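Okay, structure first, notes after.
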Amino acid sequence: MSAALEISGLRFTYPDLDGARTPSGDLQPTVSIDELSVSAGEIAVLIGDNGSGKTTLLKLVAGLLTPDAGRIEMPFSQSRSHGSHGGAPAASSVTTSCAARGSAGGGLTAEFAAGFTGEFTDAAVLVHQKPYLFAENVFANVAYPLRIRKVARAEVHRRTLTALDTVGLKQLSGRWAPSLSGGEKQRAAIARALVLRPAVLVLDEPTSNIDYGSVRTIEAVLRELADSGVAVVVSTHNMASAYRLADCLVPLAAGRRQRLAVNLLRGRAVPSEDGHIGVFRTTYGPEVFCPAGWEGAGTAVVRMDDIILSTGEMVSSAQNRFRGTVVAVEPIEHDLFCVELDCGIPLSCSLTYRSVEELGIASGAAIHAAFKASAVKLY
Amino acid sequence: MSAALEISGLRFTYPDLDGARTPSGDLQPTVSIDELSVSAGEIAVLIGDNGSGKTTLLKLVAGLLTPDAGRIEMPFSQSRSHGSHGGAPAASSVTTSCAARGSAGGGLTAEFAAGFTGEFTDAAVLVHQKPYLFAENVFANVAYPLRIRKVARAEVHRRTLTALDTVGLKQLSGRWAPSLSGGEKQRAAIARALVLRPAVLVLDEPTSNIDYGSVRTIEAVLRELADSGVAVVVSTHNMASAYRLADCLVPLAAGRRQRLAVNLLRGRAVPSEDGHIGVFRTTYGPEVFCPAGWEGAGTAVVRMDDIILSTGEMVSSAQNRFRGTVVAVEPIEHDLFCVELDCGIPLSCSLTYRSVEELGIASGAAIHAAFKASAVKLY
Amino acid sequence: AGGRGERDADIRLTLATTTSTENSGLLDALLPAFEQEHNVVVDAIAVGTGQALEIGRTGDADVVMVHAPVLEEEFVAEGYGVERVYFMYNDFVVIGPPADPAGVRAADGAVDAFRRIAGSESVFISRGDNSGTHIKELMIWREAGVRAEGDWYREVGQGMGGVITLANDQEAYTLSDRGTFLSYVAAIDATIVNEGDDILFNPYGAIAVNPERHPHTKIEPAEAFIDYLVSDEGQQRIAGYTVNGEQLFFPNAQ
Amino acid sequence: MLLPSFGEALGLLASGDRELLAITANSLNFAICSTVIAALIGIPLGIVTTLREFPGKRVVISVSYTLMGLPTVVVGLLVFSLLSRSGPLGGFGLMFSPAAVIIGQAILALPIVVSLVYGGLARLDPELYETLITLGASRLQRTVKIVREARISVAAAVLTAFGRVVGEVGAAMMLGGNIRWYTRTITTAIALETAKGAFTLSVALGIVLMVVAFGVNFGLNYLVKLRPRGRIL
Amino acid sequence: MLLPSFGEALGLLASGDRELLAITANSLNFAICSTVIAALIGIPLGIVTTLREFPGKRVVISVSYTLMGLPTVVVGLLVFSLLSRSGPLGGFGLMFSPAAVIIGQAILALPIVVSLVYGGLARLDPELYETLITLGASRLQRTVKIVREARISVAAAVLTAFGRVVGEVGAAMMLGGNIRWYTRTITTAIALETAKGAFTLSVALGIVLMVVAFGVNFGLNYLVKLRPRGRIL
Ligand SMILES: Nc1ncnc2c1ncn2[C@@H]1O[C@H](COP(=O)(O)OP(=O)(O)OP(=O)(O)O)[C@@H](O)[C@H]1O
Ligand SMILES: Nc1ncnc2c1ncn2[C@@H]1O[C@H](COP(=O)(O)OP(=O)(O)OP(=O)(O)O)[C@@H](O)[C@H]1O
Ligand SMILES: [Mg+2]
Ligand SMILES: [Mg+2]
């Protein structure tokens, strides 16, 4: 798959417009992403605590903020010039930084440099966390991006109604947008982005105010969009939604990518003979035992902490037992290591230094992994 | 428990300020609540689809909208006069409606009538879905309600910092509020309401933009507040949060209360000997079998659909089997009935008319109820 | 700046006058001596002729000083003024473009000059504001037997300065008092094309507002002021006031 | 005693006094033309001032606010020195013509439009701008939309400018010359009648002016809907 | 040819010409007093107009906008008819005094403050008002907070009013009488010098006025921080 969005060496700090009002000592950049790439057709989900930099990163991707350093490339964007906005004080430093990395990125470096001043907006469309709807009716709001592109009337009508239907707002199309309820506004804003079918769609907590049933609808829409070749980047605090959606789950903390602490398995929970226990058939082939009653779920999550390793076969209450080989061992923090296994399905688990020593774990070693069915959470 | 908030016969429709812009045919009131009461120390949770009227109801409770009819009483409010706001075109009709119901409500009827024009604000404080923070720093925002009440400086300082600490924003107290991240803003707004310790605290989707970990913190804060005697009314789309929090779960659709479709059981999931199955000890005494791996969860939810009734003892894979008596049978819609049982724990289940006929279900009849362990969802 | 300084006197006399007296600087030459002598402060309000008289009528001035004999007599006749006292005069001049297309320079007096202007339909600017100048202009038209009408006759309704500026810009004729013309002469091309006729005589009168109509008016200082104007000292100061070496006003107290 | 009856003033208007109608038409004509010119230049300037960061921005804003108080005679003098026969643009012979008044009044109106448009836009939600960028609106399209969203403020700016010029007398007097049947406006007529001491007529004219201005105002208010639903406190 | 050097005007000021200083002081004094009075009355009125629903609200707003264009001579005449010796308030003998000018200018400034405060507040987030109610702010406290939140708009309204009155000449002339050493302001002095044909001096005085107004403006701008962080597009 080719990357539709490639970020490298990205650094951004909010300019300290008013020093007196910000707490001192907070000198690290708001966002600092060494590498992140999202392929066309993929959904990347940003998760992280409040203030971890999700919105900031999304705005950087959408070209609404200018990086202090690093680059953001979107090879598929047919950049359209809209002139610069907000001034680009850092533009030169960005270009320098790009040059320093030589031809590694290829593709759109020139367009990219211009991109920071607002030219790839056609490529990356952002739906804000608190969307701004224009003071006109819902239909006009959603039709706006098409109208300004001089799309034919009939086409505008068709695409707008389709988009409204997609988010379940068709019957409200004549309503005065500012009088919509919170969730209705968010859905209208999503529809307004959908009509554009951009190369990269960026959504900031798109489902935070949306009702339970409609969250699933929006998820389905995003998946469909991805399947049609769009690269989707969303942030969310809804972990279930994140697990269901993510082709690539990106945990952020203090603006930095964190190591994922779970194994995310795609597949399908299938009915099992035994009523007490369920079966999840992973896309890799092997099945995993899981709690019963989740038939149809498409995602299984196993925390890395919940996987137990041993050199020999284990006898325990853990239903899931796999043989595999160690692919990699990497330190996480002081005493902890992350061990990557290939057991037919790729699994990662976290171990203390002592365990790594005791079990003699090293790349290529054969190993047994086990985890309880109840440790598998389905979404 | 005495009711801290009592609503009866409430009707509200948004005045059609601009007929041309609203879709026609939508003549039913936006909110129409026949009866709802929340006791001091209780948490009521409103759930429902976008546009179902949650925000509208909360604003009515907070006195920010004037009902077209019906009454909202808050016996514990020490009403403080702030003068009327927004004009009270419907005030007389409200008073009439109150009078028509005679002394049924007792208590604060007179103050109440005035209340619609803004006088019980001290009693019910609302935290908006999209909170407005003042253009000053976070501390000043949170301290504002205390300062305008002429609370002593030291006391203001103490309570403000406590509130900020409670929502985890202490370290951002000096920050310029408009520059906070989405979730940080929401938390600051919650802190600003907390410092007041009102008789009724009303929060509109308080956790919608808040990170997963902090959601639990906010839930704990709300529970603590309730335990201290505050009546809390929240709306949310986060069902897990709703189940965990709700002493009283109020599903809304098109502005009307809906029948709850689940049984909500309080208690605690305890470790069980059998690794395949869990045990949930309800506060009523009896235990319920449930999925394993959820030790510590405090709420079990069983959908009414998932409970099977029979006149004799059933042999099935359903782990949970109870004997009980029918307390009530009520029609829900065309073909469906809701049967309330007392099985040591109160349980409701839904049945078709045919089943009710076949099983001869009537008030007082003895009955067997069964549901699978996997039908029990823990939160 | 003259000797008048901070306002520290007990008595304040309000003088409503036409703009020409203030604009020409005459008041600055005339008032300080009087103020010092009588320990009064004269508040000079320079406005249009009609407005000055109206202020007198409403009792908001103690003395009125204008140059529109007809209106002044009316004012006194209505009982607003005590007595009209002439104390000086100056004269009007006909000004026009140096090229003098109407041949006014060759005219025999002002009335003939106006006839020539009308005859050649050269543009004439009228103040049209019932001021002393305007009234004088209308009088001359009457004498000339010309109905001042048509494209060439333009009523502009401005103060004297504005009219001179406009006439200069439009290369038109107009009637001006000598004092105002002198203060503009350096900046404009227009020149005097006719002067000295008796009809161009422009007498200034001072009237004390009648305390019977307006009991609060300060009749004593008002009369003292008029006395001062007609006194030797006052008359000398009027005679001695020059701009660029030219005398603007001529004392003529009886 | 000085206050004429409202009826007296309306009577004047209704009697269709030809001169009063001509004067009124002049007032409206000059004010509308100059306001339109000022709006065409000032609205974009106000938007640029709001949306762009540039060094000295604050000074520019302060200057613009200050120029709102530009005395009308000063504007009159400046334009006069340009348009008079001896001025650099004297060749056009524009002095003492409607064009001169319109130029002067447009200069008066411009800083009002710029300042008030700035003041209005500065309060708009920052997300509006970001939304427009991200939806791919061109600079012109963004501008149009921002103006539409801030139409209350923009309309207020234009109305304020209109009110200012329709009621000003200095520039109209200095540049138009208050020439009867040609450049006389209601305000210069008022000044004339006041100088004549005809205070009652002046006030009657003032009332006529207010009625006319109110009509224009109300029309524009109605057009932009000063109170769009749901956006007001 | 008419334009004097900027230096000439500043030279006058710097030389501390006693009369110029007195005139400038008068201008500032009158403008500041009248603006303060107008602000004290107009800000609450603007807030009430925004926050209250009442019948005829739209008409009131239109009238207020219209009155912004009230010609200064008309205000002068109206106040004259009240304060004149023959008017109802004649007994106070206020005509041709600073008080008369201040009253007239305050009347001029009032509709400006009301309209622009209304215009500014009408764009505030509706949630601000609800938040204040729900936090239990009294009416006064709400008002104070709303003004603080809308301080840009309110400051703009006050600045606009100040600019308008400091530069107006009609009321100052009619009501103050342009009395030397007493009620002469920069604008009436300009009118006088213009009438004298002393155009250069007029323009110099105009520049002095602008410099002074700019000073006040900049000071106030600085005070309210026209550009609070994070609230601007
Ligand atoms: N100011 C208004 N004018 C007219 N209709 C409104 C207004 N505000 C809300 N509505 C409508 O009233 C209904 C209820 O809205 P409300 O905001 O109470 O819904 P909600 O349950 O809070 O929805 P959400 O979950 O999206 O926040 C919706 O159909 C909404 O569009
Ligand atoms: N305009 C700004 N000026 C200064 N600091 C800002 C600004 N906007 C955000 N920040 C800070 O930058 C950090 C990252 O903010 P960001 O909005 O990206 O967080 P987030 O991950 O989206 O949080 P949330 O989940 O609450 O939406 C936070 O500490 C925030 O307070
Ligand atoms: Mg965010
Ligand atoms: Mg809502």
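Keep in mind that this is a model prediction, so the values were computed, not measured. Each chain gets a letter, A, B and so on, in the order the sequences are listed, and its residues count up from 1.
Applying the side chain to side chain contact (heavy atoms under 4.5 Å, CB included) criterion to C:R142, with sequence neighbours excluded, gives C:M139.
Using a 4.5 Å heavy-atom cut-off against chain C, no residue of residues 97-104 of chain D qualifies as contacting.
The distance from atom CG of C:L166 to atom CE of D:M174, rounded to the nearest 0.5 Å, is 10.0 Å. Atom-to-atom distance recorded for D:F199:CZ and C:Q51:CD is 4.5 Å, nearest 0.5 angstrom. Rounding to the nearest 0.5 Å gives a distance of 9.5 Å between OG of C:S131 and CG of D:L192. Within the model, atoms CD of C:Q158 and CZ of D:R184 stand 9.5 Å from one another, a figure rounded to the nearest 0.5 Å. With rounding to the nearest 0.5 angstrom, the CG atom of C:D169 is 6.5 Å from the CZ atom of D:F80. Between D:M95 atom CE and C:T165 atom OG1 the span is 8.5 Å, to the nearest 0.5 Å.
Heavy-atom contacts from other residues, nucleotides or ligands closer than 6.0 Å to CZ of D:F92 number 12 or fewer. By the 6.0 Å contact criterion, CD on C:E212 is open, its count of non-hydrogen atoms from other residues, nucleotides or ligands being 12 or less.
Note: C:D129 leads C:I125, C:I55, C:D129 in heavy-atom pairs under 4.5 Å with chain D.
In this structure a side-chain-to-backbone donor-acceptor pair under 3.5 Å is present from D:N178 to C:G157.
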